[in-house]
Amino acid sequence: MTNQLSLAGKPVSPPVVLAPMAGITNLPFRKLCREQGAGIYVCEMITTVALTERNPKTMRLIEFDPEEETRSLQLYGVDPEGVRKAVRMVVEEDLADHVDLNFGCPVPKVTRRGGGSALPWKRRLFREIVTAAVDTAAERGIPVTVKMRKGIDDDHLTYREAGLIAQDAGVAWVALHGRTAAERYSGTADWDAIADLKDLLDVPVLGNGDVWEADDAVRMAAQTGCDGVVVGRGCLGRPWLFGDLEAAFSGRETRLMPSLGEVAKVMLRHAQLLVEWIAGAESYEARRNIDAEEHGCREFRKHVAWYLKGFPVGGELRRELAMVSTLNELEDLLGKLDADAPFPVSTIGRPRGRTNSPGKVSLPDGWLDDRDDRTVPVGAEIDSSGG
């Protein structure tokens, strides 16, 4: 890395950012990761419409822990005026200290509306959105960053031109996932594209894609010259990865490989944090009808397979853990695990979370015809946050 990464004048050390992940990077998960190591921890994707209309679910998703020194909010929007209105709300109500713009989501329900990784193809529209966000956020000195992919597919790459446009608009940094939208989460991330963008831009460039271990992050930095790394699927079921990242970027060789008993303690704490968060949400409209403990445990279920990946745990016990409804039930089941089972080294460096095959990208009719058309597609905006 060539320079010390910073945000709003504050150093980001280690130069690590938690990628927004739908249904994952809520307040409890960010807290759990932050307890392991420093960095920037971004909330789930927030849509401009849901924010400005004060959707109850969205207002919960933008809650931050008092200990989060940098409140990072990722914003999704397709209409420049909608983005401007949402960022103004962030500014006037002091909702966040950092706004990240989503131009990387490859999910069909997003790209078929012209959003996410489809949007940079419309370079004028892209410029207007980024400029609207940067200019509005500047009123309170809030930095704006951009996260994007290489392009729609190999025949429609956008990252170089989009990077220059974002830089010209005044973003604090550009983060690049080394895959196209068509590649989704398949194959191997193209780190050469990250190096290419780093050579092209003057603003910091962050690399994203295939950072499964702390050593991958250091290798990416050395190979591409990027100023920081964005970590997504690699931390699923492994919040202690951020401790490894802090050690790696400090030059220490220490790496955490917790036993199954130690992992069980983290699992219980994760579930407890989810329950506490849901129970304490004043804006939770259904709290009278849904038990907070049951809801929190249900939210935790998706994490069970990630935490137990590679460990010797029988199928029946895994199924029971993935169906827990109370904290006592979870604690009892965790007590049945072999606490002394060592960390499964066979999982080191292996992909985690969702993987899929490449596929054709869903786009609005005629989307590829005119790159300079700044028309916002009808029905482009999404009214629910979190992906």
Side-chain angles (χ1 to χ4, degrees), residues 18-36 41-47 49-76 90 93-96 232-233 235-240 242 263-308 318-335 353-354 382-387:
L18 168 65
M21 290 181 281
I24 305 294
T25 57
N26 48 37
L27 186 152
F29 186 74
R30 298 196 308 272
K31 182 178 181 67
L32 196 64
C33 293
R34 200 176 65 254
E35 290 173 349
Q36 310 297 317
Y41 296 90
V42 188
C43 75
E44 297 181 57
M45 182 185 82
I46 303 300
T47 67
V49 171
L51 179 62
T52 54
E53 292 184 355
R54 299 183 182 275
N55 174 280
K57 174 188 172 184
T58 293
M59 300 312 287
R60 288 184 61 233
L61 291 180
I62 62 170
E63 293 175 0
F64 292 94
D65 189 278
E67 296 179 1
E68 290 188 76
E69 293 184 2
T70 301
R71 299 167 299 163
S72 293
L73 183 155
Q74 191 187 64
L75 199 61
Y76 164 92
V90 172
E93 300 183 23
D94 189 25
L95 298 179
R233 294 173 295 156
C235 70
L236 296 176
R238 294 193 310 170
W240 55 85
F242 292 95
V263 170
K265 292 178 182 178
V266 176
M267 292 174 71
L268 182 59
R269 173 152 177 75
H270 191 169
Q272 290 170 335
L273 288 172
L274 281 166
V275 170
E276 291 172 5
W277 177 55
I278 291 170
E282 293 182 2
S283 60
Y284 183 42
E285 77 244 27
R287 61 183 307 185
R288 294 180 181 176
N289 301 320
I290 300 179
D291 179 80
E293 183 171 2
E294 180 184 353
H295 190 181
C297 287
R298 274 212 314 270
E299 283 290 311
F300 175 73
R301 292 173 184 175
K302 71 185 75 167
H303 298 270
V304 169
W306 295 323
Y307 276 115
L308 299 181
R318 285 177 182 268
R319 282 190 292 272
E320 290 177 348
L321 282 164
M323 294 297 290
V324 293
S325 298
T326 69
L327 292 175
N328 284 339
E329 181 185 2
L330 175 60
E331 191 168 11
D332 289 343
L333 291 171
L334 291 174
R354 55 186 167 181
I382 298 174
D383 60 5
S384 63
S385 298

**Q** Write down the atom of Gly23, the atom of Asn26, and the distance for their closest heavy-atom approach.
**A**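 That would be O-ND2, 4.3 Å.
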
**Q** Would you please name every residue forming a salt bridge (charged side-chain N to carboxylate O under 4.0 Å, His left out) with Lys265, sequence neighbours left out?
**A**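 Here no residue qualifies.
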
**Q** Quick one, Trp306 with Ile24, criterion side-chain contact (heavy atoms from CB on, under 4.5 Å). Give me CA distance, side-chain angles, the key distance, then yes/no.
**A** CA-CA 12 Å; Trp306 295 323; Ile24 305 294; 3.6 Å; yes

**Q** Can you name the one residue among Met267, Met323, Glu320 that meets side-chain contact (heavy atoms from CB on, under 4.5 Å) with Leu333?
**A** Glu320

**Q** Out of curiosity, Glu294 CD to Ile278 CD1, how far, rounded to the nearest 0.5 Å?
**A** 10.5 Å

**Q** Heavy-atom distance under 4.5 Å between the side chains of Leu27 and Arg60, does that happen here?
**A** no

**Q** Sequence neighbours excluded, which residues qualify as side chain to side chain donor-acceptor pair (under 3.5 Å) partners of Asp94?
**A** Arg71, Arg140

**Q** Can you give me the closest heavy-atom contact between Gln36 and Pro239, atom names plus distance?
**A**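 Reported closest heavy-atom pair: CG-O, 3.2 Å.
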
**Q** With side chains defined as the heavy atoms from C-beta onward, is the minimum distance between Thr25 and Val42 less than 4.5 Å?
**A** no

**Q** Listed by chain and number, what are the side chain to side chain donor-acceptor pair (under 3.5 Å) partners of Thr70, not counting sequence neighbours?
**A** none

**Q** Under the salt bridge (charged side-chain N to carboxylate O under 4.0 Å, His left out) test, which residues partner Asp65, sequence neighbours left out?
**A** Lys31, Arg34

**Q** Mind checking what makes side-chain contact (heavy atoms from CB on, under 4.5 Å) contact with Glu53, not counting sequence neighbours?
**A**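 With sequence neighbours excluded, Glu53 shows a side-chain contact (heavy atoms from CB on, under 4.5 Å) to Val49, given in chain and number order.
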
**Q** Tyr41: what forms a ring pair (Phe, Tyr, Trp, His ring centres under 6.0 Å) with it, not counting sequence neighbours?
**A** Phe242

**Q** Okay, side chain of Glu293, backbone of Thr326: is any donor-acceptor separation there less than 3.5 Å?
**A** no

**Q** Please report the shortest heavy-atom distance between Ala19 and Gly232, naming the atom on each side.
**A** CB-CA, 3.9 Å

**Q** Using side-chain contact (heavy atoms from CB on, under 4.5 Å) as the criterion, list what pairs up with Arg318, not counting sequence neighbours.
**A** Leu308, Val313

**Q** Is any side-chain heavy atom of Met21 less than 4.5 Å from a side-chain heavy atom of Cys235?
**A**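 SC-SC contact between Met21 and Cys235 confirmed.
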
**Q** Name all residues meeting the side chain to side chain donor-acceptor pair (under 3.5 Å) criterion together with Arg301; count only those two or more places apart in sequence or in a different chain, and write none if there are none.
**A**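 Per chain and number, Arg301 pairs via side chain to side chain donor-acceptor pair (under 3.5 Å) with Ser325.
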
**Q** Who are the side-chain contact (heavy atoms from CB on, under 4.5 Å) partners of Arg54, not counting sequence neighbours?
**A** Met59, Met89, Glu93

**Q** Classify the angle between the aromatic ring planes of Phe29 and His270 as parallel (below 30°), tilted (30 to 60°) or perpendicular (above 60°).
**A**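 Aromatic pair Phe29/His270 classed tilted.
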
**Q** To the nearest 0.5 Å, how far apart are NE2 in His303 and CG in Leu274?
**A** 6.0 Å

**Q** Heavy atoms, side chains only, cut-off 4.5 Å: are Leu95 and Leu51 in contact?
**A** yes

**Q** Of all residues at least two apart in sequence or in a different chain, which pass the salt bridge (charged side-chain N to carboxylate O under 4.0 Å, His left out) check with Arg30?
**A**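 Scan of Arg30 (salt bridge (charged side-chain N to carboxylate O under 4.0 Å, His left out), adjacent residues dropped) gives Glu68.
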
**Q** Restricting to side-chain contact (heavy atoms from CB on, under 4.5 Å), what partner residues turn up for Ala271, sequence neighbours left out?
**A** Phe300, Leu327, Leu330

**Q** Under the side chain to side chain donor-acceptor pair (under 3.5 Å) rule, collect the residues that match up with Glu331, sequence neighbours excluded.
**A** none

